[in-house]
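Proteins come first, then strands; the chains are lettered A, B, ... in the order of their sequence lines, and each starts at number 1.
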There are 2 protein chains.
Amino acid sequence: MAKDTVRATTPARTTRRERKGLQQEAAVKAAFELAQRDGAAGLTMRRLGEELKVDATTLYRLFRDKDELLLAVYDHATAVELEEIGEVPDSEHWQDTLRRIADRIWATAVRSPAIAALTFARTTGGPAERRMVELILETFARSGLSREATVRYYRAFADATLGLAGQVAVLATLDSEIQAKDAASWTRIYAHLPDGEYPTARAHITELTSIDRRTIYDLVVEAVLAAAERESAESA
Amino acid sequence: MAKDTVRATTPARTTRRERKGLQQEAAVKAAFELAQRDGAAGLTMRRLGEELKVDATTLYRLFRDKDELLLAVYDHATAVELEEIGEVPDSEHWQDTLRRIADRIWATAVRSPAIAALTFARTTGGPAERRMVELILETFARSGLSREATVRYYRAFADATLGLAGQVAVLATLDSEIQAKDAASWTRIYAHLPDGEYPTARAHITELTSIDRRTIYDLVVEAVLAAAERESAESA
DNA sequence: ACCTGAACACCGTTCAAGT
DNA sequence: ACCTGAACACCGTTCAAGT
């Protein structure tokens with residue numbers, strides 16, 4: 001519990017900047033846990049202040065506004081991802097590396113939907129994001145793609161994974177009542193409509209109700225990897 | 001200007017249900033325009049009430065809550081998309097139909113970012129959404145895929161396009177200051193770092209700064225279509 | 001039958017005042 | 001030098017009261 005680190009209880013031999021850094025770290029950690037526990041709606045400046053036993057307005061000396069705090073929290077989540085991905089063995093095929101990365105991005109969205117939902121479309125500008133960019137670029141570059149194509153596929157991979165993971169995250173932050181409604185939408189809508197109205201949807205009702213989001217995520221990831229592979233084979 | 005339709009100024013020969021339907025329609029249209037004009041943050045119940053010259057709380061007889069209103073607005077946007085897509089000629093290749101659909105989904109996100117950002121991860125349950133589902137399913141089914149694969153690719157296509165379009169939409173709803181920061185992030189971050197730190201990112205800096213989001217969108221769409229084509233060729 | 005408006009329980013953020 | 005707390009300008013939503 002480093003809760004009180006936001007207060008000036010640090011020893012005298014730290015510079016102002018170091019102290020501020022530590023306070024930010026403590027606030028980010030607390031915000032992360034708060035969002036985890038109480039969801040996106042629970043992460044407010046007042047509640048975070050309470051958690052840190054500090055007046056909410058004090059947080060504005062640590063972060064310019066709530067947005068900046070959110071981005072810092074998201075970068076923290078990315079740092080965790082990177083740690084889980086760990087070292088990339090030299091022998092690992094570039095596609096397998098990307099599959100592992102995609103898997104961790106998904107895991108973050110499932111574990112921390114509140115944070116992911118709030119920031120999936122954003123650039124954090126933080127150190128973890130930079131390392132992640134470097135890793136994905138490096139990996140596509142290994143495939144033998146041109147510089148231009150490497151960047152194109154890096155972006156396709158990053159945006160598609162974050163976009164799809166963002167959807168699950170947003171959904172997970174909604175009321176469980178709405179989630180249930182969303183999950184049952186196929187049967188709810190099509191099971192009780194006149195026969196002629198949506199013939200194709202009705203003909204596929206079994207398949208529509210049984211497919212899961214992770215399958216779709218993997219399908220899109222594989223489609224992007226396959227396209228990259230084909231393009232690198234062509235240029236070789 | 002059908003502004004006052006929310007008030008009970010309709011002739012006596014309409015049932016209560018018809019009247020409510022008209023009022024809902026007028027509210028949805030006004031909400032759509034309000035979001036267009038003032039952005040996501042501008043679409044509040046009070047402001048919508050003002051626009052319709054009705055007390056904000058009156059809207060709660062038309063929609064259970066703000067979420068329900070939002071979904072109705074999103075369904076309205078989907079209806080516009082469908083109109084723009086128009087009839088699908090029998091001669092059109094299934095991939096070209098899907099390209100046109102993807103293009104209109106993108107257009108909605110660019111034109112109505114506030115609405116798209118608020119609802120891209122959601123199911124509206126409305127009539128336009130049902131017709132859209134029917135159209136996309138129908139089109140994939142034309143490719144000769146199995147029932148199971150048709151549904152798989154329908155979802156991959158729909159989720160990927162909405163996810164990516166959702167990202168541009170969310171970005172477009174942010175302060176223009178933040179948008180500029182986001183757009184310039186590559187040069188801002190990597191141009192001023194020590195040489196050894198992110199070698200791959202630095203080596204790709206020109207390409208990273210020049211790529212645009214629409215190129216990435218099209219790349220992902222094409223990757224999904226190519227995967228569908230290969231799978232349908234295999235099963236044939 | 002329909003609509004209003006006061007009220008509740010919140011938000012993010014600013015800034016003068018305290019220690 | 002640092003932190004507080006009152007205050008501002010908002011939210012979505014409920015419900016008793018009006019016409």
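When the ring-ring contact (aromatic ring centres under 6.0 Å, His included) test is applied to Tyr60(A), no partner is found at least two apart in sequence or on another chain. Residues satisfying the side chain to side chain donor-acceptor pair (under 3.5 Å) criterion with Tyr74(B), sequence neighbours excluded, are absent altogether. Taking the ring-ring contact (aromatic ring centres under 6.0 Å, His included) definition, one finds that Phe63(A) meets it with nothing, sequence neighbours left out.
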Residues 168-175 of chain A side chain polar contacts: donor-acceptor under 3.5 Å, at least two apart:
| residue | atom | partner | partner atom | Å |
| --- | --- | --- | --- | --- |
| Thr173(A) | OG1 | Val170(A) | O | 2.6 |

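In this entry the distance linking CG of Leu52(B) with P of dT4(C) reads 11 Å, nearest Å. Going from atom CG of Leu59(B) over to atom P of dC2(C) covers 16 Å, rounded to whole Å. Atom CG of Leu62(B) is separated from atom P of dT4(C) by 12 Å (rounded to the nearest Å). At whole-Å resolution of the value, CZ in Arg61(A) and C1' in dA1(D) are 9 Å apart. Rounded to an integer number of Å, the gap from Arg47(A) CZ to dA9(C) P is 15 Å.
Using a 4.0 Å cut-off between charged side-chain N and carboxylate O, Arg152(A) and Asp218(B) make no salt bridge. Salt bridge annotation for Glu51(A)-Arg37(A): present, with a cationic side-chain nitrogen under 4.0 angstrom from a carboxylate oxygen.
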Next item on the list: Assign a letter to each nucleotide of nucleotides 12-19 of chain D from its 5' end: B, base within under 4.0 Å of a protein heavy atom; S, sugar-phosphate only; -, no contact.
Entry: BBB-----
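Side chain of Ser210(B) to main chain of Thr206(B): a donor-acceptor pair is present (N/O by atom type, distance under 3.5 Å, no hydrogens or angles).
Between Arg19(A) and dA1(D), a side-chain N or O to OP1/OP2 separation shorter than 4.0 Å is absent.
Here CG of Leu71(A) is found 12.0 Å from NZ of Lys66(A). Values are rounded to the nearest 0.5 Å.
With pairs defined as Watson-Crick or G-U wobble and both atom distances under 3.5 Å, the stems of at least three pairs that touch DNA chain C come out as C:4-8 with D:12-16, C:12-16 with D:4-8.
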